[in-house]
Asks: 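Below are the structure tokens for one structure; questions will follow.
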Amino acid sequence: ELLLSFAEPAGAELGRRLRDIERALAPTFEALPKDEAGLLAPRGARHLVHHYFARQHGWLIAGLEPHGMRSETSQVHEVAILHDRVPALIDELLSGGRMQLGLSLADVSAVAALLERLLMNETAKVLVKAFQVNGHNVDEALGEEELHEVVTSYLLMFHRTSDEVSDEEHRLFKELAQQDQDEYYSGLIEFGRDMARNFVYSRRHTANPFVPQRYTFDMAAKIVDALVHRYGRWQNAECTLMKEDLMEIEADVTGLVPLSRFYGHSSPHGYLFHESRDYLRQIGALEEGAPGRPHVRIVNYLLGPSNCVASSPYLSVCCLSECEALMGEVEERLRAPAAAPGRLLDLVATLSSSTVDAPRVLSQDLDARLHAIAEKNDGEVPLHGRLFAQWLHLAFPRECPFPHKAGDASALTPAEFGRGFVASESEMKMHTSANASSPMNVTMGREELQWMSQWSEEEELIADYRASGLSARWGSVGSLAWRLGALLVVGGLVGALGLGGRKGVAGSVLLPTHSKSHYV
């Protein structure tokens, strides 16, 4: 009730949205470890909300980046933004012992609904700008063609923060985009028009057919609300084309592209693969396991921030992760936080993806690695940890990203990284020349490439398995820690609110590494 008191609009519409979110969250909630009361620890709640938005919409929300993208994931509390957006909520959470022991499914659903609503409220500021740049006041009702023009402006602004360009620059850019034969921009504009037409059609039974229809700001807001929710799936067609491009120059079926080929590739779809080596390393898309032979991880690159559309500093729309869907199937079938390796092997062998047919026989190496994970965890494999994510990367190298240890990568946008984001001509030439002079980059076989996956035995449990009692040696959490953690997770979730471009497989022998686990 406290969380939802900050969400508008209330009533039946919010109730329906809550039920939809709760249904979507339920399988993952059931699969996450919980305490004896069936409540979720703060880390688990953070994980659940992040994956909900990533899986449903391709949204990357500042403060809810993947765990490997942050060095202090368990302390996500954007205090300044919290006090800017919902200071009264912070006051209430700090008083009266709220959020004491954990979060129920209804609690997490309310957090997600509040976050979603506030993000939509922030994107409405872009709509205000779209009205103004087209010469309209927000209290002015628009004709249908005027509505289309406003929605088109909104979409073009959605690709960049609206303050980046002047009104005149926007109008010029819009005119060029509408005249351009570029397939992307023509498709983008048509997408916006389709959304507006869908809204007009939905009102056909309530509108007076004998008078010209007019559309208010609130009506336009409903259109862009639906647009933002569906944009991720629409733009994912571009991500699919980019993936196909990269697989054309892939080193065998490894999910790895030699950096020399990455820079030297002439994309038939017009994509520019020109991110610098330093930037690729920063976002976790560079594989440097073999000295002198760097490779780009296809999935990590696709899901990276350079391929996101940022409408504000706090919300970006990125490529949809195929691994999210695969993990969703695992959670749906198991409905448990851990499973025996044999059961997981049987299940994963039945999962198919855009590049993997099922059923299939998993390799002996995958079998051995999964059993090794189970041996360290009382005979079961925790589903929500780095080691299982790493194993999925080996099983689906073109769909599942390599999971970095906390702090090893960051979700820096090109603008945040700075001028070194684009590789210089000399840097690209150096790598492409190395490719021509070194046959090893071309002839290196899959078995050798498998050793470049940087497999490590260091576990990082995203959810708190201690609370579920799955392993006695993980101990227990005191109620004070739970209260503080609950406050921090809500701080991180709500504090991320506000406004925010597009543009390896393991070897046959287990790597000798150390074993250490901690929580992130």
Side-chain angles (χ1 to χ4, degrees), residues 66-69 242-243 245-265 273-307 319 321-323 355 363 365-366 369 386-387 389-412 417 420-421 423 427-428 430-432 434-435 438-458 460 504-513:
H67 287 269
M69 295 291 190
M242 190 181 296
K243 178 180 177 179
D245 251 16
L246 292 171
M247 288 194 302
E248 288 294 321
I249 54 174
E250 181 183 19
D252 203 0
V253 188
T254 60
L256 297 169
V257 171
L259 187 59
S260 55
R261 298 184 194 172
F262 181 81
Y263 286 145
H265 183 53
F273 300 119
H274 58 189
E275 288 87 345
S276 68
R277 182 171 178 169
D278 286 343
Y279 181 73
L280 292 169
R281 182 186 298 115
Q282 183 72 42
I283 64 172
L286 194 65
E287 164 63 71
E288 298 179 283
R293 289 176 285 176
H295 286 66
V296 176
R297 296 186 179 102
I298 292 177
V299 185
N300 291 69
Y301 173 74
L302 287 174
L303 299 180
S306 64
N307 293 312
C319 292
S321 171
E322 293 178 77
C323 200
T355 66
S363 69
D365 180 66
L366 286 172
R369 285 187 186 275
R386 181 182 169 276
L387 287 181
Q390 190 174 211
W391 186 86
L392 281 178
H393 169 68
L394 303 186
F396 296 92
R398 292 167 161 178
E399 286 74 38
C400 291
F402 178 85
H404 290 280
K405 290 173 281 189
D408 280 2
S410 63
L412 285 180
F417 187 81
F421 155 67
E427 179 183 354
M428 289 190 282
M430 177 186 71
H431 286 289
T432 54
N435 178 57
S438 174
M440 295 185 70
N441 277 354
V442 178
T443 61
M444 185 166 34
R446 183 174 182 181
E447 290 302 313
E448 186 176 358
L449 279 166
Q450 288 173 344
W451 285 88
M452 295 167 55
S453 64
Q454 297 182 352
W455 179 276
S456 95
E457 295 292 341
E458 185 171 6
E460 292 180 346
V505 182
S508 58
V509 182
L510 292 178
L511 297 177
T513 51

Asks: To the nearest 0.5 angstrom, please state how far the CD atom of Gln390 sits from the CZ atom of Arg369.
Replies: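 Reported to 0.5 Å precision, the distance equals 7.5 Å.
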Asks: Roughly how far, to the nearest 0.5 Å, is the CD atom of Glu287 from the NE2 atom of His295?
Replies: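 His295 NE2 to Glu287 CD: 8.0 Å, rounded to 0.5 Å.
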Asks: Within the 4.5 Å heavy-atom criterion, are Thr254 and Pro397 side-chain neighbours or not?
Replies: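 No, every pair of side-chain atoms sits at 4.5 Å or beyond.
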Asks: Would you sort out whether Arg261 and Glu248 count as a salt bridge (charged side-chain N to carboxylate O under 4.0 Å, His left out), showing the intermediate values?
Replies: CA-CA 10 Å; Arg261 298 184 194 172; Glu248 288 294 321; over 6 Å; no
Asks: Would Lys405 and Glu458 pass as an ion pair if we require N to O under 4.0 Å?
Replies: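 A salt bridge links Lys405 with Glu458.
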Asks: Where do Cys323 and Leu392 come nearest, in terms of heavy atoms and distance?
Replies: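 Looks like SG-CD1, 4.5 Å.
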Asks: Take Phe262 and Leu280 through the test side chain to side chain contact (heavy atoms under 4.5 Å, CB included) and record every step on the way to the result.
Replies: CA-CA 11 Å; Phe262 181 81; Leu280 292 169; 4.1 Å; yes
Asks: Quick one: does any side-chain atom of Tyr301 pair with a main-chain N or O of Gly284 as donor and acceptor, under 3.5 Å?
Replies: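 Checking the backbone N and O of Gly284 against the side chain of Tyr301, no donor-acceptor pair under 3.5 Å is found.
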Asks: Please give me the minimum heavy-atom distance between Ser410 and Gln282, naming the atom from each residue.
Replies: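 Smallest heavy-atom distance, with atoms named: OG-NE2, 2.7 Å.
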Asks: Show, in sequence, the C-alpha distance, side-chain angles and deciding distance for Leu394 and Trp455, and conclude whether the side chain to side chain contact (heavy atoms under 4.5 Å, CB included) test is met.
Replies: CA-CA 9 Å; Leu394 303 186; Trp455 179 276; 3.5 Å; yes
Asks: Between Glu275 and Ile283, does the side chain to side chain contact (heavy atoms under 4.5 Å, CB included) criterion hold? Intermediate values first, please.
Replies: CA-CA 11 Å; Glu275 288 87 345; Ile283 64 172; over 6 Å; no
Asks: Could you pull out the closest heavy-atom pair between Ser456 and Arg386, with the gap in Å?
Replies: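 It is OG-NH1, 3.2 Å.
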Asks: For Tyr279, give me all partners under ring-ring contact (aromatic ring centres under 6.0 Å, His included), at least two apart in sequence or on another chain.
Replies: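 Checked Tyr279 against ring-ring contact (aromatic ring centres under 6.0 Å, His included); matches are Phe417, Phe421.
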Asks: Measuring only between side-chain heavy atoms, which start at C-beta, is Asp245 closer than 4.5 Å to Phe273?
Replies: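 Side-chain contact under 4.5 Å: yes.
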Asks: Any side-chain to backbone donor/acceptor pair from His274 onto Ala423? Under 3.5 Å, distance only.
Replies: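 Looks like no, no N/O pair under 3.5 Å.
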Asks: Take Phe396 and Thr355, measure what side chain to side chain contact (heavy atoms under 4.5 Å, CB included) needs, and give me the verdict at the end.
Replies: CA-CA 8 Å; Phe396 296 92; Thr355 66; over 6 Å; no
Asks: Quick check: closest heavy atoms across Glu288 and Pro294, and the distance to 0.1 Å?
Replies: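 Distance-wise, the nearest heavy atoms are CG-CB, 4.5 Å.
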Asks: Supply the atom-to-atom distance Leu302 CG to Arg398 CZ, rounded to the nearest 0.5 angstrom.
Replies: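 Interatomic distance, Leu302 CG to Arg398 CZ, rounded to 0.5 Å: 12.0 Å.
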Asks: Do Arg297 side-chain atoms and Leu256 backbone N/O form a donor-acceptor pair below 3.5 Å?
Replies: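 Checked: no pair found.
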Asks: Less than 4.5 Å apart, any side-chain heavy atom of Asn300 and any of His404?
Replies: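 Yes, close enough: below the 4.5 Å cut-off.
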Asks: How many angstroms lie between CD1 in Ile298 and CZ in Phe402, if you round to the nearest 0.5 Å?
Replies: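 The distance works out to 15.5 Å.
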Asks: Could you give the distance from CE (Met242) to CG (Asn307), rounded to the nearest 0.5 Å?
Replies: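 Met242 CE to Asn307 CG: 4.0 Å, rounded to 0.5 Å.
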Asks: Nearest 0.5 Å, what's the OG1-CG distance between Thr432 and Leu259?
Replies: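 It is 9.5 Å, given to the nearest 0.5 Å.
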